[in-house]
Amino acid sequence: MAEPKEHPLMEKIVSLCKRRGFIFQSSEIYGGINGFWDYGPLGAELKRNVKELWWTGMTRKRDDVVGLEATIIMAPQIWRASGHVDTFADLMRECPLTKKRVRADQVEPQSGTPIRFTGADSKISGWKVERNIRVLLSNGEHIEHARRKAREFFAIGSVDSKTGDWYQLELKGEIAEAPVVDSVDFHPESGVELGEARPFNLMFKTYVGPTATEDDVAYLRPETAQAIFAQFKNVLETCRQKVPFGIAQVGKAFRNEVTPRNFTFRSREFEQMELEFFIKPDEVIEAIYGNVATVPETGHPGEPLPNWGWQAWHQYWVDERVRFYEGIGLSRQTLGFHRQTPVELAHYARACVDILFKFPFSKRNEQGELIGEELEGIAARSDFDLSQHERFSGKPMGVFDEDLRTAWGKLDETKKAELSNRYYEARLKYLTKSGVEVEKAARDAKEDADNLAKGQYIPHVIEPSAGVDRLILALVANAYSEATSTDDKGKSETRVIMKFHPRVAPIKVGVFPLLKNKPELVAKAREVFQSLRGLMMAFYDDGGAIGRRYARQDEAGTPFCVTIDFDTLGEKPELLNTVTIRHRDDGRQERLPISELPGWLTARVF
RNA sequence: GCGGGUGUAGCUUAGUGGUAAAGUUCCAGCCUUCCAAGCUGGCCAUGUGGGUUCGAUUCCCACCACCCGCUCCA
């Protein structure tokens, strides 16, 4: 398979993934299917380890996060409430000259005179074409400007475009049409009339039930998060948690991407690890604690405090997530960060920090440094999501807080008015932005503000949302390294060593008899293997020479290899029942009693 | 979706309008007292479908997949 030469490292990684059984193309024997990938034996272990570490760290080791496992297909109204039906169904229009696409509803209005052409022919090559095109000539622009664009357009696919004679194309049927004002039909960059608007719905559609009519339409979830919001009240009522607390979920999501790209980085079926961490609105914090704690915008703010508002919680989760990545071998140098600007943020979002990984295919900035691709976004989403589901389902999503009610009663009137007003303004902004008519919005916002005084509010949410498959690719790219060695005969060869952090490595330990043709070594090795395999992923190998087995494990990324030799059997009595442990990254060996193996390994691989 | 590039064993590469070649990996055996040693044997390929032709892996067309750009996002 000929790979492009742009990213030779990426080529090697893709090749290794197939060769060693990390990642295969889905349905390969049928020619594959665009945007879908399978995990082979090593990839499956790697992915399982990553998800397990996330889940354990998120839920089992925390007091304030519980888990959820929801279905992939849910009531389609969920996707109306979440906004996915609308935002995932954008109409796009394409510029026939630049091939760039713009959202039909976001074309910058242009004014000027449309010039129509009906075709062109070449005196030089005799080539001719008949196609209609309209180019907008902005006020004050010379007519040649439009002609040049038209020639460029007609030259696409012509012989003259190859010879460079395209600018001599003779245009036909030039007519200046009536001037237009604020037209959205022309590409702002090129001035060329945009193609017809076509819908780009990125949600996978399916039908529930055998009749398959339009009434039965449902969607494969494009993200796992919405189920968490939809089940928020059920979880709250059953898990004995109080805000602030979080709900975590790992699972598949589906997006009908326009262009799946970069190996598994953008797939149509992918897996997410998402946490929705519900917090009190700042007005509630201030009512109860008198102030809202502030924390620096970088660094870990320490153990959570009761008076943390959204900003502190957001910063807390950004740093918690970075710590997670560091804990599985992605150092800060390999990561990048992007704090979304107010323009990039959704209208309901307060802040969003993206954690990036610098892939070989990542773009570079002006300084030539890799920028990175998004592994995870940590968003402060206000109370938007629960509010949406409250509006769409008609079911209340607010929580009651005894502390708030008590505290509220002790506030002086000025403070009450101030907090109440701030909450009112926030609710009003949300409601009007959501298209609720002005009068009703004011009425509902007033009701929300009154409820606040009674101890009730809709929680805000901090959402760390990570892509598992992207992370796997990052770990693979990060682990990839080569070592070139030259043997006695001067023959040099390059070996691949996958330097996975032991915590994520698919195979934790390889177990070998030094020699295969000595039954007593084999028997002892099998015995050691059997004692380890229940504790962790262990791999027994007696094929080929010992060096070859080490090399094989290096390529799989196995951090430790245990070898049973004659000393294990007591050739040197003082070494009876000891084995060598060989370290992957430097080939270093040490000797350890078999009895200490489980503890020694467990301390390093979990 | 549009434009550009690429498709030969698991991998890396030869090659040809007339039986598809090699290295490596892998499997089996022998041998081997710690980093892809050696010997013997073995398995495996022209992405799919059409067309031209006596004959196509080679030439043509379509499709599929992969890579790059536009676009989008976890």
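The chains referred to below are lettered A, B, ... by the order of the sequence lines, with proteins before strands, and numbering in each begins at 1. Note that the coordinates shown come from a computational prediction; the quantities given were computed from them, not determined experimentally.
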Undergrad: Please work out which residues in residues 567-579 of chain A have a non-hydrogen atom less than 4.0 Å from an atom of RNA chain B and list them by number.
TA: A:Glu571
Undergrad: Taking the side chain of A:Arg552 as its heavy atoms from C-beta onward, which of B:C31, B:C34, B:C26 lies nearest to it?
TA: B:C26
Undergrad: Given the C1' atoms of B:U16 and B:C27, what is the spacing between them in whole Å?
TA: 31 Å
Undergrad: Using a heavy-atom cut-off of 4.0 Å across all strands, would you classify A:Leu521 as base, sugar-phosphate, or nothing?
TA: nothing
Undergrad: Between A:Asp565 and A:Lys572, does any NZ, NE, NH1 or NH2 come within less than 4.0 Å of an OD or OE carboxylate oxygen?
TA: no
Undergrad: Quick one, which residues of residues 51-58 of chain A touch RNA chain B with a heavy atom under 4.0 Å?
TA: none
Undergrad: Under a 3.5 Å threshold, yes or no: a donor from one side chain and an acceptor from the other, between A:Tyr325 and A:Thr334?
TA: no
Undergrad: Between A:Phe22 and A:Phe500 (judged by ring centroids, cut-off 6.0 Å), do the two rings come close enough to count as a pair?
TA: yes
Undergrad: Quick one: do A:Glu555 and A:Arg552 make a salt bridge, cutoff under 4.0 Å?
TA: no
Undergrad: Is there a donor-acceptor contact under 3.5 Å linking the side chains of A:Glu274 and A:Thr224?
TA: yes
Undergrad: So what does A:Asp565 hit on the nucleic acid, given a heavy-atom distance under 4.0 Å: a base, only sugar-phosphate, or nothing?
TA: base
Undergrad: If we take the C1' atom in both B:G49 and B:C64, what is their distance in whole Å?
TA: 10 Å
Undergrad: Using a heavy-atom distance cut-off of less than 4.0 Å, which residues of residues 542-551 of chain A contact RNA chain B?
TA: A:Ala545, A:Ile546, A:Gly547, A:Arg548, A:Tyr550, A:Ala551
Undergrad: What does A:Glu271 touch in the nucleic acid at a heavy-atom separation under 4.0 angstrom: a base, only the sugar-phosphate, or nothing?
TA: nothing
Undergrad: Applying a 4.0 Å non-hydrogen cut-off, can you work out what A:Phe263 is touching in the nucleic acid: base, sugar-phosphate, or nothing?
TA: sugar-phosphate
